[in-house]
Asks: 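Got a structure for you, written out below as structure tokens; questions coming shortly.
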Protein chains: 2
Amino acid sequence: MISHKCKYAIRALIDIAAQHDPNKTVMSSEIATRQQIPKKFLETILRDLRNGRILHSRRGSTGGYTLLKPASEITTTEIIRIIDGPIALLPCVSLNYYASCEGCDESTCQIKGVFEQVRDKTLGILNHTSLADLRDQYLKNTPQVGDKKSESARSSQK
Amino acid sequence: MISHKCKYAIRALIDIAAQHDPNKTVMSSEIATRQQIPKKFLETILRDLRNGRILHSRRGSTGGYTLLKPASEITTTEIIRIIDGPIALLPCVSLNYYASCEGCDESTCQIKGVFEQVRDKTLGILNHTSLADLRDQYLKNTPQVGDKKSESARSSQK
DNA sequence: TACTATTCCTACTAAGTTGATAGGAGTTTT
DNA sequence: AAAACTCCTATCAACTTAGTAGGAATAGTA
């Protein structure tokens with residue numbers, strides 16, 4: 001299971017990526033109300049994402065957050081790793097957070113193989129799902145104000 | 001990450017499945033010393049596995065544990081579900097432990113799709129990896145006493 | 001019937017993680 | 001100087017994890 005914090009992080013990033021003007025800085029308070037995330041908690045999440053080189057931030061009265069790189073270049077893998085850490089199900093098969101499984105001899109480990117397979121399949125999916133993909137999914141489902149395409153889509157629904 | 005407890009469970013089951021005589025009941029103390037698992041903790045794990053319909057147990061002085069069904073019919077999925085619960089990374093995409101993700105509208109959820117894919121790929125692997133597969137891997141690596149094949153293999157190594 | 005060896009059960013505990021909140025310091029615009 | 005942000009440290013309650021303690025129930029054996 002990914003943590004609640006990680007879900008918040010993904011939703012916050014989608015919110016930022018969904019901005020019409022990619023250069024507009026988005027305030028944490030905006031995201032908090034729009035995405036229903038506790039404000040103070042969100043601040044710590046955004047800080048983690050900034051430390052993780054996904055977000056750029058500006059302080060002061062016109063401050064806020066922007067993506068450090070295009071949404072299409074931010075992978076789900078990256079986000080999860082920053083917030084939750086390892087993606088693998090065993091420490092000894094983790095690529096980015098390797099640790100030896102105490103009490104088991106790795107050279108004769110019986111279960112390593114399966115979990116390497118799981119890791120590879122999982123990364124195959126998460127690496128190829130960018131923030132842009134998630135955002136597009138989001139925009140399709142929840143039309144934005146002033147978005148002509150989604151407005152027509154909405155009216156044609158009835 | 002799967003829990004330490006779950007790794008213990010898998011190793012304990014492999015140990016039981018590796019017995020020459022499939023009808024022999026294996027005592028928890030045997031497993032504990034062979035697999036280096038804290039004895040009392042192991043007892044609670046074996047009880048979980050029995051409640052989960054994987055093991056059969058006998059009390060008394062000749063008591064112990066046996067597999068309730070052939071090792072080839074016990075999947076890794078089953079074991080993990082009993083010990084750790086859900087395999088999916090989101091509550092709302094779990095097949096056996098479904099729960100709604102509080103605070104997100106499932107009909108418009110942006111991230112559900114990816115995690116459904118991850119779940120399916122993961123289950124694809126774990127469902128097709130049986131305890132027999134894991135045991136065979138184990139026996140290949142750690143030759144048993146009195147096993148002629150592995151003794152010759154051992155001596156030819158030098 | 002004792003005795004012994006095992007599983008089984010309830011309860012407890014220490015340490016770590018998760019999901020936050022509090023209070024204020026630093027920074028930038030007006 | 002004031003206002004409005006981000007940023008930082010510390011703290012907290014609830015929960016989970018990894019295990020331990022002590023003994024009851026059960027079954028074979030002398």
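What you are looking at is a predicted structure, and each value in this text was computed from that prediction instead of being measured. Chain naming here is simple, since letters A, B, ... match the order of the sequence lines and numbering starts at 1 in each. Heavy-atom basis, side chains included; hydrogens, waters and symmetry copies ignored.
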Asks: Quick one: are A/Y65 and A/I16 in side-chain contact, heavy atoms under 4.5 Å?
Replies: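 Answer yes - side chains close enough.
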Asks: Let me know the distance between CD of B/E30 and C1' of C/dA5, rounded to the nearest Å.
Replies: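 Those two atoms, CD and C1', are 13 Å apart.
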Asks: May I have the distance from B/I37 (atom CD1) to D/dT17 (atom C1'), rounded to whole angstrom?
Replies: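 Rounded to the whole Å, the gap is 16 Å.
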Asks: Quick check: on DNA chain D, is the nucleotide nearest B/S61 upstream (toward 5') of the one nearest B/D84, or the reverse? Name the residue that is more 5'.
Replies: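 Whichever sits nearer the 5' end wins; that is B/D84.
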Asks: Would you kindly give the NZ-to-P distance between B/K39 and C/dC9, to the nearest whole Å?
Replies: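 These atoms are roughly 16 Å apart.
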Asks: From CG of B/L46 over to P of C/dC8, roughly how many Å is that when rounded to an integer?
Replies: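 So the two atoms are 9 Å apart, to the nearest Å.
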Asks: Do the side-chain N or O atoms of B/Y8 get closer than 4.0 angstrom to the phosphate oxygens (OP1, OP2) of D/dT17?
Replies: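 Checking D/dT17 against B/Y8, no side-chain N or O comes under 4.0 Å of OP1 or OP2.
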Asks: Among residues two or more places apart or on two chains, list those pairs meeting ring pair (Phe, Tyr, Trp, His ring centres under 6.0 Å) that have a residue in residues 88-134 of chain A.
Replies: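 Sorted pair list comes back empty.
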Asks: To the nearest Å, give me how far apart CD (A/E43) and C1' (D/dA10) are.
Replies: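 Computing the A/E43:CD to D/dA10:C1' distance gives 15 Å.
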Asks: Tell me the interatomic distance from A/M1, atom CE, to C/dG19, atom P, rounded to whole angstroms.
Replies: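 A/M1 atom CE is separated from C/dG19 atom P by 12 Å.
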Asks: Just how far, in rounded Å, is C1' of C/dA20 from CG of A/D48?
Replies: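 Going from CG in A/D48 over to C1' in C/dA20 covers 13 Å.
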Asks: Any side-chain N or O of A/R50 less than 4.0 Å from the OP1 or OP2 oxygen of D/dC7?
Replies: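 Checking D/dC7 against A/R50, a side-chain N or O does come within under 4.0 Å of OP1 or OP2.
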Asks: Which of the following nucleotides, C/dG19, D/dA27, C/dC8, is nearest to the side chain of B/R58?
Replies: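 Nearest listed nucleotide: D/dA27.
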Asks: From C-beta outward on A/R59, which listed nucleotide comes closest to its side chain: C/dG26, C/dT10, C/dT7?
Replies: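 Per side-chain heavy atoms of A/R59, the pick is C/dG26.
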Asks: Does A/S28 have a side-chain nitrogen or oxygen under 4.0 Å from the phosphate oxygens OP1 or OP2 of D/dT6?
Replies: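 Answer is yes, contact under 4.0 Å.
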Asks: Let me know the distance between CZ of B/F41 and P of C/dT7, rounded to the nearest Å.
Replies: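 In whole Å, C/dT7 P lies 17 Å from B/F41 CZ.
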Asks: Among D/dG28, C/dT7, C/dG19, find the nucleotide with the atom closest to the side chain of B/Y65.
Replies: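 Looking only at side-chain atoms, B/Y65 lies closest to C/dT7.
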Asks: Kindly indicate, with the supporting measurements, whether the criterion salt bridge (charged side-chain N to carboxylate O under 4.0 Å, His left out) is fulfilled by B/E30 and B/K39.
Replies: CA-CA 9 Å; B/E30 289 181 64; B/K39 190 164 160 283; over 6 Å; no
Asks: On DNA chain C, check which nucleotide each of B/M27 and B/T44 is closest to and give me the residue with the more 5' one.
Replies: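 Taking each residue's closest nucleotide, the earlier one in sequence belongs to B/M27.
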Asks: Once hydrogens and angles are ignored, does a donor-acceptor distance under 3.5 Å link the base of C/dG24 to the side chain of A/K40?
Replies: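 Looking at the base of C/dG24, it does pair with a donor or acceptor on the side chain of A/K40 (distance under 3.5 Å).
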Asks: Is any side-chain heavy atom of A/K121 less than 4.5 Å from a side-chain heavy atom of B/T122?
Replies: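 Of all side-chain heavy-atom pairs linking B/T122 with A/K121, none is under 4.5 Å.
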Asks: Begin from the C-alpha positions of A/K5 and A/D84 and carry the test salt bridge (charged side-chain N to carboxylate O under 4.0 Å, His left out) through to its verdict.
Replies: CA-CA 8 Å; A/K5 185 177 178 181; A/D84 278 356; over 6 Å; no
Asks: Which nucleotide in the set D/dA18, C/dG19, C/dC9 lies at the smallest distance from any side-chain heavy atom of B/R47?
Replies: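 Looking only at heavy atoms from C-beta outward on B/R47, the closest nucleotide is C/dC9.
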